[in-house]
Structures are given as C-alpha cells and as structure tokens.
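No experiment lies behind these values; they were computed from the predicted model shown. Just follow the structure's listing: the first ligand is 1, and inside any ligand the first atom is 1.
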Amino acid sequence: MTTAKLTIDHSAIVENWRTLNTLSESETGAVVKANAYGLDAASIAHSLARVGVFSFFVAIASEGSVIRDSIGPKPEIYVFAGHMRGETEKLTKHRLIPILNSSEQLRLHLSLIPDHPFAIQLDTGMNRLGMEPEEWLSVREKALSRNPVLMMSHLACSDTPSDSTNAMQLKAFKEMTDGLDIPKSFAATGGILMGSEYHFDVTRPGIGLYGGSPFSQAKPVVRLDVSVIQTRELKVGEAVGYGNAWVASRPTRIATIAAGYADGIVRTIGSKGFVFYDNIACPIVGRVSMDLTTIDITELDHMPQTLNLIGPHQTIDDLAKAAGTIGYEILTSLGERYDRNKIAP
Ligand SMILES: *Cc1c(COP(=O)(O)O)cnc(C)c1O
C-alpha cells in the first residue's frame, strides 16, 4: 500500500473538452499552464491532441517546450507571457507562438525573429496583461503589417456572468479588433458558458477540462485517497496535534493520514474540512501538519485503510470552499509525493 494515491481520469478530461466543444461553433483549445493545473501537462496534452485539440495555451515558454515533445510538431502552442527577453531560443526551437503583451515585446520580437509567428494580447479592462487601447493604436499598423496569427483578451469576471464588467470588456474587445481578418480568442471556461457572443474563433478552457467550477456539468477528474498510518483512542480532554488546537469532548478515535500541507491539504482546512469513508464524512481535527493530517473516525465501525479527500462525495470545489480558496488553487497545490495514476482515455 502506498501512502497516498492520486488518480487522474484522462477520459473525463477528454469528455469535458468534448462537452465544452459542443457548446460553441468555434474551435476549442486547451489551457495546460502550470503543469495542466498540477495534473501533468505532458500526458494531458498528449491525450487531448489525440482527440483533435489543435491550440494549446501555456503561461511561459518553458511549459511549452515540455508539451511540444508530447504532442508532436503540428498543434499550435501559445505562450501567454509573450516574448520575454532570453526566451527567444525556446520559442524558435519548440515552435511556440508568443502572445505579445506590449509595444516593447512587439519591438523585441520583430527585431529578433521577425519571421516567427506571433499573437497579440489586448487588455480590455482587467489591467493584468496586454496592450490597452492607446498602446494598441500606436503599434496597430506596424503589428498588422506583420500578420499576427491571433488576437486575444481575457475576462476578469467570467465566473460571475451577471457582472457588468463582462459586457464592458466585450465591447472594448470588439472596438479594438472589429474589421480585422485575424482569428480572435476571448473566452476561458466561464466565457464559454456565457454564450456565443463571447466565443469568437478559438476558446481557451482550463478549469472546465479539469472538472472545476464554473463548469458545473463537468465530469470529476481527480480522486485522492490517503492511507491511514496509525489510529488511537482519546479520552475526554486530550488534545490533537500542534498547539493543542483541538480537544476531545467525547471519547474519540483518531486516524493519522499520510498527507499534509506539503501535499496540498491546505492548512486553513484544519478543524474545518472532512475526509470520507464511503459516504461517511469524517471531520479533520486539529492543525494540518506538513506531512500528516488527523481525522476523527469515531463514527466508523472499523479501522479504515484509506480515507478519501477528493472523490465522489467531495469535489475540488467542496474542498476549496472549506479551505476558503478556489478549485484552481486546490489542484495546483497537489504535491509531488503522491503515487499518481492515470485512467486512460
Ligand atoms: C488561465 C487562463 C485561461 C483558462 O481559464 P479557466 O478559467 O481555467 O478556463 C484562459 N486564458 C488566460 C489568459 C488564462 O490566464
């Protein structure tokens, strides 16, 4: 028995991509940045390329080189960070398309590798990455004369469809790109769900592929089972773990499981979250340690071998809610120590 087993369901990822793909007329890409939200970009990109995904998106160039090896030469790989100084060779060697974010990046790109394809990111109100209207206007003619392959922007509030920022950003994006005969990309998972107005030519779902909110229809992708190392009986008044943060108010059976905050069981979930045995919720008690977490299993009528942290009775979003964070952060926090298993597509 290994200490903790993380199962990643590639058939669910492929199914989630297909479902998102049917929601729009446009091409559906795939965002595999941050090691595919912590779930292994090389193997996931491979699974997705096999079912026809053609446009992949990563945050930085080095992530692109990893997936280029696994998907072969044909699919496009776009880099959100654009053309950073010192990364030119990576871009050319692995045929990555930088999404240029500023006039300075445009200048750098055209001076170093003028024949290498590039895309343009526009900032439509998020104030994070991309050229704002004025900057775009100042380089527009020069950029267009070099044939950018994609124009994109990103929504700040697409997890809240009713937020008026969405329509404002859409208007700004249209104003900056209207009439241009260049493929456009605007929607991540949330934008896909907001309807066809937001879709343009290529969509960029990330979290929806990996089974997270706001894609409520998503098939769950991740299962996490953690082994019990030891159990013990507590008398009333005995405390558990660092700082005596939890004290037994009844005779209690405690199980210590083999994963802690270094494995992504975020510390804020101490004394708040649950793990499951079948459908029985067992409270996490005391503080989460680096490698260990303590569970109240008094309600179980036998000693469990493993307890389930993510699975049929607790999604990544349930867990995120208990921890005061979002599913994205739960996924990208999952550590390197798990025995990782893949369910083949
Ligand atoms: C992360 C990211 C995405 C994917 O967003 P999800 O909400 O995970 O679908 C798309 N586009 C950009 C620019 C991003 O940074």
Below 3.5 angstrom, do we get any N/O pair linking Tyr37 and ligand 1? yes
Should you measure from each heavy atom of Thr189, which atoms of ligand 1 turn up under 4.0 Å away? 6 (P), 9 (O)
So, for Phe173 and Phe200, is the gap between ring centers shorter than 6.0 Å? yes
Does the side chain of Thr7 come within less than 4.5 Å of Lys5's, by heavy atoms? yes
Closest non-hydrogen protein atom to atom 5 (O) of ligand 1, residue and atom name please, with distance? Ala188 CB, 3.3 Å
Lys/Arg N to Asp/Glu carboxylate O, Asp9 vs Lys342, below 4.0 Å: no
Can you tell me if Met290 has over 12 outside heavy atoms packed within less than 6.0 Å of its CE? no
Heavy-atom nearest neighbour in the protein, as seen from atom 2 (C) of ligand 1, with distance rounded to 0.1 Å: Lys33 NZ, 2.5 Å
Among the heavy atoms of Tyr328, does any lie under 4.0 Å from an atom of ligand 1? yes
Relative to the heavy atoms of Arg128, which atoms of ligand 1 are at a distance of less than 4.0 Å? 15 (O)
Within less than 4.0 angstrom of ligand 1, does Gly208 place any heavy atom? no
For ligand 1, which atoms have a heavy atom of Val31 less than 4.0 angstrom away? 3 (C), 4 (C), 10 (C)
What atoms in ligand 1 come closer than 4.0 Å to a heavy atom of Phe80? 11 (N), 12 (C), 13 (C), 14 (C), 15 (O)
Does the pair Glu197/Lys174 count as a salt bridge with the N-to-O cut at 4.0 Å? yes
Between ligand 1 and Gly190, is the shortest N or O to N or O distance under 3.5 Å? no
Where does the angle between the aromatic ring planes of His302 and Tyr277 fall among parallel (under 30°), tilted (30 to 60°) and perpendicular (over 60°)? perpendicular
Aromatic ring centroids of Phe57 and Phe80 under 6.0 Å? yes
Taking both backbone and side-chain atoms of Ile207, is any N or O found less than 3.5 Å from an N or O belonging to ligand 1? yes
Would Arg95 and Glu89 pass as an ion pair if we require N to O under 4.0 Å? no
At less than 4.0 angstrom from any non-hydrogen atom of Pro205, what atoms of ligand 1 do you find? 9 (O)
contact_flag Met126 ligand 1 heavy-atom lt 4.0 Å: no
Atom 11 (N) of ligand 1 - nearest protein heavy atom and its distance: Arg204 NE, 3.0 Å
Rounded distance [0.5 Å steps], CZ in Arg18 versus OG in Ser11: 10.0 Å
